[in-house]
Amino acid sequence: MRAKGNLSPPQRLRKMHRLLEEAYGPQHWWPAESPFEVVIGAYLTQNTSWNAAARSIANLRAAGALTAKGIRDLPIGQLMALIRPSGFATRKAPALKAFVTMLDAEFDGSMDALAATPTNPLRVRLLALPGVGPETADAILLYALNHPVPVIDEYLRRIAMRHSLEDAAPERKGYEQLGDLVRAAFAADPQTAQVPLLNQQHALVVAVGKAHCGKVARCEECPLLPDLLSLTPAD
DNA sequence: CGCCAGGCCGTGT
DNA sequence: ACACGGCATGGC
């Protein structure tokens with residue numbers, strides 16, 4: 001017997017995905033006009049609302065700096081000024097410079113060449129960059145480079161806690177553990193579907209998270225609450 | 001005024 | 001391996 005109904009944790013996560021699709025529909029992520037712009041957004045939105053990140057991106061666009069060359073040619077002080085709206089400019093500006101330096105030195109400045117690297121070594125390389133942790137690395141891999149990796153964020157951690165996505169009593173799960181859970185939920189789908197599925201999965205988690213997964217729980221009208229906690233194995 | 005945002009990093013256990 | 005505080009700015 002499981003603690004919460006008859007569904008295994010991956011089954012519960014898949015059911016959650018279906019419920020979220022019904023509630024929110026297609027999300028068409030990532031909002032950007034190029035892979036490089038996705039990278040910029042991934043850095044700028046760290047612990048920052050997308051609205052604020054979008055302001056910085058608008059500043060960069062107006063300055064013609066939404067390209068590797070644009071970031072490379074901007075003096076660090078000007079870069080900091082342009083991305084000020086999204087906060088942490090003293091960390092994020094050098095981090096963006098470091099990404100471009102890596103792209104130039106190791107991939108001839110080509111995002112396509114970067115994307116052609118196998119997923120595992122590529123993830124390790126991204127994680128070695130300053131200002132790139134697991135979520136930023138995976139967001140870049142999935143949304144800029146089209147590699148099939150799950151993106152785990154704070155909202156999914158809260159959902160996993162509050163909805164007991166694991167077998168046992170709620171307990172905090174590590175990044176890689178939750179990643180394994182997401183992978184298991186979609187493992188049966190064809191390889192060609194992995195990227196769009198994982199894209200939609202994280203986008204939906206953010207959609208519900210913004211609305212109902214505050215730091216201090218405000219789950220009252222969460223569309224997941226009745227169904228996920230029920231004991232009906234509707235899959 | 002307060003808390004929070006599509007995290008990461010250094011330090012301490 | 002985890003928990004914790006600092007980091008900057010804008011919205012509500």
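Protein chains get the first letters and strands the later ones, always in sequence-line order, with residue 1 at the start of each.
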> Applying the 5.5 Å / 30° rule, does A:Trp50 stack onto the base of B:dG6?
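Here the ring of A:Trp50 and the base of B:dG6 are stacked, with centres under 5.5 Å and planes under 30°.
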
> Is it true that A:Glu21 and A:Arg18 have a side-chain N and a carboxylate O under 4.0 angstrom from each other?
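Salt bridge flag = no for A:Arg18 with A:Glu21.
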
> Any salt bridge between A:Arg61 and A:Glu37, counting N to O under 4.0 Å?
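A salt bridge is present here (some side-chain N lies under 4.0 Å from a carboxylate O).
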
> Considering all heavy atoms of both residues, which atom of A:Pro94 and which atom of A:Arg91 are nearest to each other, and what is their separation?
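For A:Pro94 versus A:Arg91, the nearest heavy atoms are CD-O, 3.4 Å.
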
> Tell me whether the rings of A:Phe36 and A:Phe99 are parallel (<30°), tilted (30 to 60°) or perpendicular (>60°).
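If you compare the ring of A:Phe36 with that of A:Phe99, the planes turn out tilted.
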
> Does the ring of A:Trp29 meet both stacking tests against the six-membered base ring of B:dG6: centre distance under 5.5 Å and plane angle under 30°?
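A:Trp29 vs B:dG6: stacking yes.
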
> Counting heavy atoms from C-beta on, name the nucleotide in B:dC4, B:dA5, C:dG10 closest to the side chain of A:Ser49.
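The listed nucleotide nearest to A:Ser49's side chain is B:dA5.
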
> Taking atom C1' in both B:dG6 and C:dC2, compute the distance separating them and give it to the nearest angstrom.
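It comes out at 23 Å once rounded to the nearest Å.
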
> For every nucleotide of nucleotides 7-13 of chain B, 5' to 3': is a protein heavy atom under 4.0 Å from its base (B), only from its sugar-phosphate (S), or from neither (-)?
BBS----

> In whole Å, I'd like the distance from the NZ atom of A:Lys92 to the P atom of C:dG6.
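One finds 18 Å between P of C:dG6 and NZ of A:Lys92, rounded.
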
> Of the nucleotides C:dG11, B:dG6, B:dC4, which one has an atom closest to the side chain of A:Arg55?
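The answer is C:dG11.
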
> Looking for any heavy atom pair under 4.0 Å, which part of the strands does A:Val151 touch: base, sugar-phosphate only, or nothing?
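A:Val151: no heavy atom of the nucleic acid under 4.0 Å.
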
> Please work out which of the three classes, parallel, tilted or perpendicular, describes the rings of A:Phe186 and A:His17, given edges at 30° and 60°.
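Rings of A:His17 and A:Phe186: perpendicular, over 60°.
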
> Report yes or no: do A:Asp138 and A:Tyr143 form a side-chain donor-acceptor pair below 3.5 Å?
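The answer is no; no qualifying pair exists.
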
> Could you work out the separation of C:dG5 and B:dC3 based on their P atoms and round it to a whole Å?
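To the nearest whole Å, 13 Å.
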
